[in-house]
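Heads up: the structure comes next, in structure tokens.
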Number of protein chains: 2
Amino acid sequence: MTFETGDISTILHQNFPQIAERELQAEVAENGQLMHFRAGEVIMDYGSYIKMVPLIIKGSIRVTKEDDLDGKEILLYFLSAGDTCSMSFSCCMMNKKSMIRTEAVEDTTMIGIPIRYVDQWMSKYQSWKNFVMLSYDNRLIELVKVIDSIAFNNMDQRLQEYLNARQEATGNALIEATHQEIANDLNASREAISRLLKKMENLGKVELGRNQVRLL
Amino acid sequence: MTFETGDISTILHQNFPQIAERELQAEVAENGQLMHFRAGEVIMDYGSYIKMVPLIIKGSIRVTKEDDLDGKEILLYFLSAGDTCSMSFSCCMMNKKSMIRTEAVEDTTMIGIPIRYVDQWMSKYQSWKNFVMLSYDNRLIELVKVIDSIAFNNMDQRLQEYLNARQEATGNALIEATHQEIANDLNASREAISRLLKKMENLGKVELGRNQVRLL
DNA sequence: AATACTAAGTGATACACATCACCGATTTTT
DNA sequence: AAAAATCGGTGATGTGTATCACTTAGTATT
């Protein structure tokens, strides 16, 4: 991870147009910190305390939850440019340990907002309050979708949704991942995923290669 | 459903001590509306628009999500006294259709807050803002727990958790429900639930009767 | 009291996916 | 170039739960 104090206000304007007030933009530029993460890097791990709320401006992030017992893991959702991590809000505000892990899927850049401002700006700037509320809202919806998917769908549908979500997050039809990684994200077995991917290939839905799946 | 304009400020004080500011309490008392629902009554259904955010002061509520396709349903969580419905916030604010159904498990009383105040008070009262944020937070955690449970646990564990959650919501070890109802909440088959309950009875964990399960 | 209904118990079978065991292909390390 | 590691494919078998078909036990209706 590397820090930087680049031209935040320009970047902010492009990726977070909702953050409208001039004064707020200035505050973000002043207090926010540009942060870079390499693909695969763990941004925040289970049980860690969070000191910043991220505004993602480039790249994508995988958010996962670990089983308390046997260390199995399941993907909750992906985040990409224009997103923030609602889970962070609560963790920050309550000063609680993180119950999730966030990990860069691609090289990722974000603006880190120190927690004290996150709360302060809520009362001060209408657009920040709306932004935060909307983010929470989106996350609730996303989580309900995950529940829906796990509860009602078979693995083939979940796999298809997963690949779609991943394509959307990275903006790339080529997904670089091993079958094992995909299986982990879906809390499934590698063999099952391999067989389903093969089936999808036969149906002309994907092209398979070593470490890659291309959506057609 | 019946309306009433009782002594809201006393009730409020007992169930929502976090709502601290005098002025805010007065506003709630002035603008809030006491509402009663009978056990089994649907408070809000899928696709409906919401005009109030509820502060629950008595009873308990089941919150469910329906499958888009074949109308199957799964329980998200229970709400009880001291809770509010975070899902309502977002639906209200965005003026979106509800993606969930809420239904009284027992006879339930709540204070309905018209949506315009919910947003307004966020900027005006620190304690209201904290209350709203904390509620969102609790809901996120609850949903992640549901995902955890569905993804990692077998039906016997899920059933145990369900019975515990229901006991906690109603404060009663006697759960009045048919096996079919329980199966619906868990998106399982009645036969599976019957067999598991029987197993739990043999293990001395519950006592079974027609339409009831008593936790031991 | 007879009838019909609803809830619950139970065996047989079906199906999705996990697990196990192994193999061949490709890539990385030495 | 050889050895080791990783990745993916595939058959056999196991397990949890759904589904189907039926029975028994209460409860409500007539």
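Just so we're clear, the structure is a prediction, and the values are computed from it rather than from any experiment. The figures here come from the full heavy-atom set of this structure, side chains too, leaving out hydrogens, waters and symmetry mates. By convention in this document, chain letters (A, B, ...) are assigned in the order of the sequence lines, proteins followed by strands, and residues within each chain are numbered from 1.
Within the 4.5 Å cutoff, the side chain of Gln18(B) has no heavy atoms near those of the Asn130(B) side chain. Residues Leu208(A) and Val213(A) are in side-chain contact: their nearest non-hydrogen atoms beyond the backbone lie under 4.5 Å apart. Annotation: side chain of Met99(B) is not in contact with side chain of Tyr46(B) (no heavy-atom distance under 4.5 Å). Counting heavy atoms from C-beta on, the side chains of Met133(B) and Asp137(B) never come closer than 4.5 Å. Under the 4.5 Å side-chain criterion, counting only non-hydrogen atoms from C-beta, Phe131(A) is in contact with Thr84(A). You'll find the side chain of Ser80(A) stays beyond 4.5 Å of the side chain of Ile61(A), heavy atoms only.
Between the CG atom of Asn184(A) and the C1' atom of dC7(D) there is a distance of 14 Å, rounded to whole Å. Atom C1' of nucleotide dT10(D) and atom NZ of Lys199(A) are separated by 15 Å, given to the nearest angstrom. In this structure, Gln180(A) atom CD and dG9(D) atom C1' are separated by 14 Å, rounded to whole Å. A straight line from CG of Leu197(A) to C1' of dT10(D) spans 15 Å, rounded to a whole angstrom. Rounded to an integer number of Å, the gap from Asn153(A) CG to dC17(C) P is 10 Å. In this structure, Phe152(B) places its CZ atom 13 Å from P of dA18(C), rounding to the nearest Å. The CD-P distance, from Gln212(A) to dA25(C), rounds to 20 Å in whole Å. Atom-to-atom, CD of Glu176(B) to P of dT27(D) comes out at 13 Å; the value is rounded to the nearest Å.
Across its full length, the helix from dA1(C)-dT30(D) to dT30(C)-dA1(D) shows an angle of 30° between the axes of its 5 terminal pairs at either end, rounded to 10 degrees.
Aromatic ring orientation, Tyr136(A) versus Tyr136(B): tilted (interplanar angle from 30° to 60°).
Under the side-chain contact (heavy atoms from CB on, under 4.5 Å) rule, His36(A) has a single partner from Thr109(A), Asp107(A), Thr108(A), which is Thr109(A).
If you check every strand for non-hydrogen atoms under 4.0 Å, Asn187(B) touches sugar and phosphate atoms only. Residue contacts shown for Ser189(A) include a base, since a base heavy atom lies under 4.0 Å away.
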Sub-3.5 Å pairs of nitrogen or oxygen atoms, protein against nucleotides 10-16 of chain C:
| residue | atom | partner | partner atom | Å |
| --- | --- | --- | --- | --- |
| dG11(C) | N7 | Arg195(B) | NH1 | 3.2 |
| dG11(C) | O6 | Arg195(B) | NH2 | 3.3 |

Produce the list of close N/O pairs, under 3.5 Å, pairing protein atoms with atoms of nucleotides 26-28 of chain C; give distances to one decimal.
none

Side-chain donor-acceptor pairs under 3.5 Å in residues 142-155 of chain A, sequence neighbours left out?
| residue | atom | partner | partner atom | Å |
| --- | --- | --- | --- | --- |
| Asp148(A) | OD2 | Lys65(B) | NZ | 2.8 |
| Ser149(A) | OG | Glu161(A) | OE1 | 2.8 |
| Asn153(A) | ND2 | Glu161(A) | OE2 | 3.0 |

Pairs under 3.5 angstrom only: tabulate donor-acceptor contacts from the side chains of residues 164-180 of chain B to other protein residues two or more places apart or in another chain.
| residue | atom | partner | partner atom | Å |
| --- | --- | --- | --- | --- |
| Arg166(B) | NH1 | Tyr162(B) | OH | 2.9 |
| Arg166(B) | NH2 | Glu176(B) | O | 3.2 |
| Thr170(B) | OG1 | Arg166(B) | O | 3.0 |
| Thr170(B) | OG1 | Asn172(B) | N | 3.3 |
| Asn172(B) | OD1 | Leu174(B) | N | 2.9 |
| Thr178(B) | OG1 | Gln180(B) | N | 3.4 |
| Thr178(B) | OG1 | Glu181(B) | N | 3.1 |
| His179(B) | ND1 | Ser194(B) | OG | 2.8 |
| Gln180(B) | NE2 | Asn184(B) | OD1 | 3.2 |

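In this structure Asp45(B) satisfies the side-chain contact (heavy atoms from CB on, under 4.5 Å) test together with Val42(B), Arg101(B), sequence neighbours excluded.
For the OP1/OP2 pair of dT6(D) and a distance below 4.0 Å, the side-chain nitrogens and oxygens of His179(A) include no atom meeting the criterion.
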